[in-house]
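The analysis underlying the following values was restricted to heavy atoms, covering all of them including side chains, and did not include hydrogens, waters or symmetry mates. Remember, it's a predicted structure, so these values are computed and weren't measured experimentally. Proteins come first, then strands; the chains are lettered A, B, ... in the order of their sequence lines, and each starts at number 1.
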There are 2 protein chains.
Amino acid sequence: MATIKDVAKRAGVALSTASYALNGNQKVSASTIEKVLKAARELNYQKNGFASDLKRTKTNTIALILSDMSGPYFSELIKGVQEVTASHQYDLIACSSLGGDRSTATKFLREKRVDGAIILANNISTQLIEESAREDFPIVVLDREVQNPFAIHVKVDNRHGAYQATEHLIENGHRTIGYISGPHDSHDNEERFKGFSDALKDYEIPFQSRFKISGNFTRDGGYRATKMLIAQQQLPDALFYANDEMAIGGLQAFSEKGISIPDDVSIVGFDDIQLSEYVNPPLTTVKQPKYEAGALAVHTIFQMLAGEQVDQSFDLSTEFVKRSSVRSK
Amino acid sequence: MATIKDVAKRAGVALSTASYALNGNQKVSASTIEKVLKAARELNYQKNGFASDLKRTKTNTIALILSDMSGPYFSELIKGVQEVTASHQYDLIACSSLGGDRSTATKFLREKRVDGAIILANNISTQLIEESAREDFPIVVLDREVQNPFAIHVKVDNRHGAYQATEHLIENGHRTIGYISGPHDSHDNEERFKGFSDALKDYEIPFQSRFKISGNFTRDGGYRATKMLIAQQQLPDALFYANDEMAIGGLQAFSEKGISIPDDVSIVGFDDIQLSEYVNPPLTTVKQPKYEAGALAVHTIFQMLAGEQVDQSFDLSTEFVKRSSVRSK
DNA sequence: CTGTTAGCGCTTTCAC
DNA sequence: GTGAAAGCGCTAACAG
């Protein structure tokens, strides 16, 4: 593999000259540049990015760490992150934290391979994040709070969103309401459950714990949880699914058993993923400002990189989206 | 920022000893390892990944380059890639080629930052790929053929898939059939159009070029192309959308104008993205083996990395998925 | 403009 | 086991 040294030799110039030429430094004459470029082409030279990063100590790259890159939920978030990153002439790489604290993602957290990171991955431990964030390595976390001045928190108001959705259910006459939950280690899930519980409490509606089933935030989990509920023979009036994916899984389970939504059971979801608008019936849900969250996260990273003071935490609000999966009073 | 040197000093050992201890080399006594680890913890040491990669000349990482990370189409592909990569203990990073040959992606292609790459991005030039692939940097390209022995091609049979879908339209009595195309530089689009044309030819049906409109593979593009067609006042019997996203955009355009699918116009798509099953009416389309393509691509990369001989090209077949967007005869 | 040179932080011989 | 020392390939300060 050809190095810059080989290029310099072939072009008959000094090492530094070759480096300057290759990097477009003005000190070099056009003819020299041409010579160097030609030599590089002939040798099929490819620069070793690590070596130059090592020298520069800056990578111009930020990492986006997601618990599952292939989830539909992340699309819009990525878009927000991507656009702002590009507009700052930075590079973006995404990686999955599949495998938790033993995943690829940790390589980016533990070893200084990027200038900053945005994390939305419940399977990365808070401890790891706290250990990693530092002045020259700012982190924005999207799903929890972290005790480290260089780990900023951009959160959406899960609690209020869940409260609104639950209230909507109550106002439409539903009294026994179940909750299909996400993973127990998910802070988002916890907050949503709190909002849900708050609403129930405020309206003095008792919550029956047998109507709380875990669905793990996946479509399949929602499907299975719903099946289980159906098997219990005694369905609640309404179901709050902690995310849309699970609600869509639930929709399928109901449809297979001939149970009609919303005539027999009303359901609401959370997130407002793209599909939700298209399922039958269209899903009433709580919209998260995913694009905005992504954009704000990167923006914050850049501010911190520039040494500016930023708030420790940002709050984004949700929006209730009424469609047709809740029976009107 | 603490370096390994600082750690060694604090632990009172030599630089190399610290390195060995940190990397779990057996030469070091347990007590020494403990000492070093303690010092590292105290200094909040984080290793510089670049420096070690530079030394090792291997990154254990492969890159997945996509024209748009946020597209729904890529989800399953990513899943396939991800799982196989992880099973080989390799890391995976994804990056977008938004910006074409000037994007982040090129950094990974031009500078040796990863051990191999998988590309599905029509906006990356064939030339760049040809220049980049080499023995120690294998590339798998998913959407075109490339003249370089180290750039392998995993392709799905777009042509045959499109042929089948078109045939289905013809067999159900449709005679004037339009084609909503993807970007002109997309090889996939080209192949699909060929399959489409082949079918028309075989059944001796003329193709009217005014019924070929570009929709750029995006939902919005499909929407606009369809609007344009509607404005022309003279709709064809059926429309072949070169991908599902555009077809879904088209569905919306038709619905806004009160044109019924499939009663007034029949449509077929291509890809079989998740949404296609849920739209109204469910979209008849051609399913691509996305997961398999991703898995095969990584698998091939690993074979090449291991120095094994591999075929220059692999073919995966498509599957026709009949749903309800085509009027039966 | 060009060439010499000193590292960036780490791994890894090789001698002790 | 341990420590000194030689670079990996590149950039950039410095002196011509």
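Within 4.0 Å of Asn23(A), counting heavy atoms only, lie sugar-phosphate atoms of the nucleic acid but no base atom. Thr32(A) comes within contact range of the sugar-phosphate backbone alone, with a heavy-atom separation under 4.0 Å but no base atom that close. Heavy atoms of Ser19(B) sit under 4.0 angstrom from at least one base atom. Counting any heavy atom pair closer than 4.0 Å across all strands shown, Tyr20(A) reaches a base atom.
In terms of phosphate contacts, Lys5(B) brings no side-chain nitrogen or oxygen within less than 4.0 Å of OP1 or OP2 of dC8(C).
Taking every side-chain heavy atom of Lys55(B) into account, dC10(C) is the closest of dG3(C), dG9(D), dC10(C). Closest to the Thr17(B) side chain, of the nucleotides dG3(C), dC10(D), dT2(D), is dT2(D). The listed nucleotides are dG9(C), dT4(C), dG3(D); the one nearest the side chain of Ser16(A) is dT4(C). In this structure, of dG9(C), dT5(C), dT11(C), it is dT5(C) that holds the atom nearest to the side chain of Leu15(A).
A salt bridge links Glu34(A) with Arg41(A): at least one charged nitrogen is closer than 4.0 Å to a carboxylate oxygen.
Distance check, rounded to the nearest 0.5 Å: CG of Leu98(B) to CG of Leu66(B) gives 11.5 Å.
Shown are Asp188(A), Asp185(A), Asn189(A); of these, the side-chain hydrogen bond (donor to acceptor under 3.5 Å, both in side chains) with Asn122(A) is made only by Asp185(A).
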